[in-house]
There are 2 protein chains.
Amino acid sequence: MNFSKQRELILDVLRQNPIHPTADKLYELVRPLMPSISLATVYRNLNQLVDNGSIRKISGLDGAVHYDHCVEKHYHFICTCCNKVYDVPYNVAEDLEQKLKSFTGLEAQSTELTFKGLCSDCQKSN
Amino acid sequence: MNFSKQRELILDVLRQNPIHPTADKLYELVRPLMPSISLATVYRNLNQLVDNGSIRKISGLDGAVHYDHCVEKHYHFICTCCNKVYDVPYNVAEDLEQKLKSFTGLEAQSTELTFKGLCSDCQKSN
DNA sequence: AATAAAAATGATAATGATTATTATTATCAA
DNA sequence: TTGATAATAATAATCATTATCATTTTTATT
């Protein structure tokens, strides 16, 4: 696998800011470190990193796709108030693909489990 | 709850075409029955139907939001080849919200579980 | 039934996220 | 060093969705 400076930087910044950012947010984070970088380059490299399995997409949020530097099996909780994305450990629901197969015969290549609700921060402030 | 002719028609067509269509696809299906209807009206009414719990959104597909006339608890399988959305019965994974709560303390208002892979049709044709 | 108020519509402009295009630049093997 | 290939920055184009607004429909009230 070949890495351009831009792709390396994007991956580094994503790994050092595990906040499940959007492409736009990542652009904002990367720009101070490489002011000449283009938003299109951010999108292009994020897609490539997803394709080669280095990172993961999180969809299901309002509009924009978010990116996850963690490729270990886990799930997500999205706060309906502040829109923050929280990680949910895998042991909340294990072997879903296996259950899918035994119930339906279908074989899953990937599984996305996302909960929505109020996070504890937003519960307090209401 | 109040229903305009347009809203009633949109809901009817969605219920009679349980193919998890996008707003655009639904517009295409409704137009022959009411040629004067506007795409904006389709979007507006779909949002209202979602808000009052008559239908559900499915996100996580490439780009567009899909709509589900079935509000019973269930999950989805999306074919990575033909992009069709299949229903997955609830008993594949029950009480996920309860498990989430006991593991993390978080309370989910909604849960979305989506598998991706090749459907049996697409497996055959490859 | 008449009518004022409220809600919904159709048409279309505007927005926001993402992808495509294109001319230019970086990388690297021969 | 050259030529081939891949990647880039800039920006135009696309696609899904929402906002706007003048007009029409529905609803409630007299």
Side-chain angles (χ1 to χ4, degrees), chain A residues 1-14 19-52 54-68 78 80 83-85 112 114, chain B residues 1-14 19-52 54-68 78 80 83-85 112 114:
Chain A
M1 198 69 48
N2 233 348
F3 279 77
S4 69
K5 280 175 191 167
Q6 286 85 346
R7 194 171 324 158
E8 225 166 322
L9 181 60
I10 288 166
L11 186 53
D12 278 0
V13 170
L14 184 56
I19 55 169
H20 311 91
T22 62
D24 206 63
K25 178 70 184 171
L26 211 39
Y27 177 52
E28 192 186 290
L29 291 169
V30 166
R31 224 140 62 121
L33 306 170
M34 186 185 278
S36 69
I37 201 169
S38 163
L39 177 58
T41 300
V42 174
Y43 273 103
R44 214 179 316 128
N45 282 298
L46 284 172
N47 282 335
Q48 285 175 32
L49 290 166
V50 168
D51 288 347
N52 76 242
S54 302
I55 66 174
R56 284 235 289 266
K57 278 191 181 189
I58 314 171
S59 38
L61 243 146
D62 48 349
V65 170
H66 290 235
Y67 294 88
D68 195 336
I78 299 174
T80 51
N83 270 337
K84 267 203 211 99
V85 180
E112 203 169 335
T114 303
Chain B
M1 199 69 48
N2 235 346
F3 280 78
S4 70
K5 280 176 192 165
Q6 286 84 347
R7 194 172 325 159
E8 226 165 320
L9 181 59
I10 288 165
L11 186 53
D12 279 0
V13 170
L14 184 55
I19 55 169
H20 311 90
T22 61
D24 206 63
K25 178 69 185 170
L26 211 39
Y27 177 52
E28 192 187 291
L29 291 169
V30 166
R31 227 143 58 124
L33 306 170
M34 185 185 278
S36 69
I37 201 168
S38 163
L39 178 58
T41 300
V42 173
Y43 272 102
R44 220 176 312 141
N45 282 297
L46 284 172
N47 281 336
Q48 285 175 32
L49 290 166
V50 168
D51 288 347
N52 76 241
S54 302
I55 65 174
R56 283 234 289 266
K57 279 191 181 189
I58 314 171
S59 37
L61 242 146
D62 48 350
V65 170
H66 289 236
Y67 294 88
D68 196 335
I78 298 174
T80 51
N83 269 339
K84 268 203 211 97
V85 180
E112 205 168 333
T114 302

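Throughout, a chain's letter reflects where its sequence line sits, starting with A, and its residues are numbered from 1.
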On a heavy-atom basis, the closest approach of Ile55(A) and Tyr67(A) is CD1-CD2, 3.9 Å
Can you tell me if the side-chain N/O atoms of Thr41(A) get under 4.0 Å from OP1 or OP2 in dA9(D)?
-> yes
Counting side-chain heavy atoms from CB outward, which of dT18(C), dG10(C), dA8(C) is closest to Arg7(B)?
-> dA8(C)
Protein-nucleotide distance (Leu46(A), atom CG; dT8(D), atom P), rounded to Å = 11 Å
Between dT19(C) (P) and Tyr27(A) (OH): distance, integer Å | 16 Å
Starting at CD of Gln48(B) and ending at P of dA19(D), how long is that distance when rounded to a whole Å?
-> 13 Å
Considering only heavy atoms from C-beta outward, does the side chain of Ser59(A) approach that of Lys57(A) to under 4.5 Å?
-> no
Compare the minimum distances between each of dA9(D), dA20(C), dT9(C) and the side chain of Ala40(A), then state the nucleotide with the smallest one.
-> dA20(C)
In whole angstrom, what separates Glu8(A)'s CD from dA6(D)'s P?
-> 19 Å
Taking the side chain of Arg44(A) as heavy atoms from C-beta outward, which of dT26(D), dA9(D), dT17(D) is closest to it?
-> dA9(D)
Which atoms form the tightest heavy-atom contact between Val42(B) and Ile10(B), and what is the distance?
-> CA-CD1, 3.7 Å
For the pair made of NZ in Lys5(B) and C1' in dT26(D), what is the distance, rounded to whole Å?
-> 10 Å
Please give, in whole Å, the distance from dA7(D) C1' to Ile10(A) CD1?
-> 11 Å
Any donor-acceptor N/O pair under 3.5 Å between dA10(D) base and Ser38(A) side chain | yes
Do any side-chain nitrogens or oxygens of Tyr43(B) fall under 4.0 Å of OP1 or OP2 in dT17(D)?
-> yes
Asp24(A) CG to dT19(C) C1', in whole Å, measures 15 Å
Identify the heavy atoms of Arg56(B) and Val50(B) that sit nearest to each other, and give their distance.
-> C-CG2, 4.5 Å
For Thr22(A), answer base if it contacts any base atom (sugar-phosphate contacts may also be present), sugar-phosphate if it contacts only those atoms, and nothing otherwise; contact means non-hydrogen atoms under 4.0 Å.
-> nothing
N or O in side chain of Asn47(A) less than 4.0 angstrom from dT18(C) OP1/OP2 = no
Rounded distance in Å - CE (Met34(B)) to C1' (dT9(C)) | 10 Å
Has Ser4(A) got a side-chain N or O lying under 4.0 Å from the OP1 or OP2 atom of dT8(D)?
-> yes
When you get a sec, tell me which of dT9(C), dA19(D), dA9(D) is the closest nucleotide to the side chain of Gln6(B)?
-> dT9(C)
Side-chain donor-acceptor pair under 3.5 Å between Asn52(B) and Ser54(B), yes or no?
-> yes
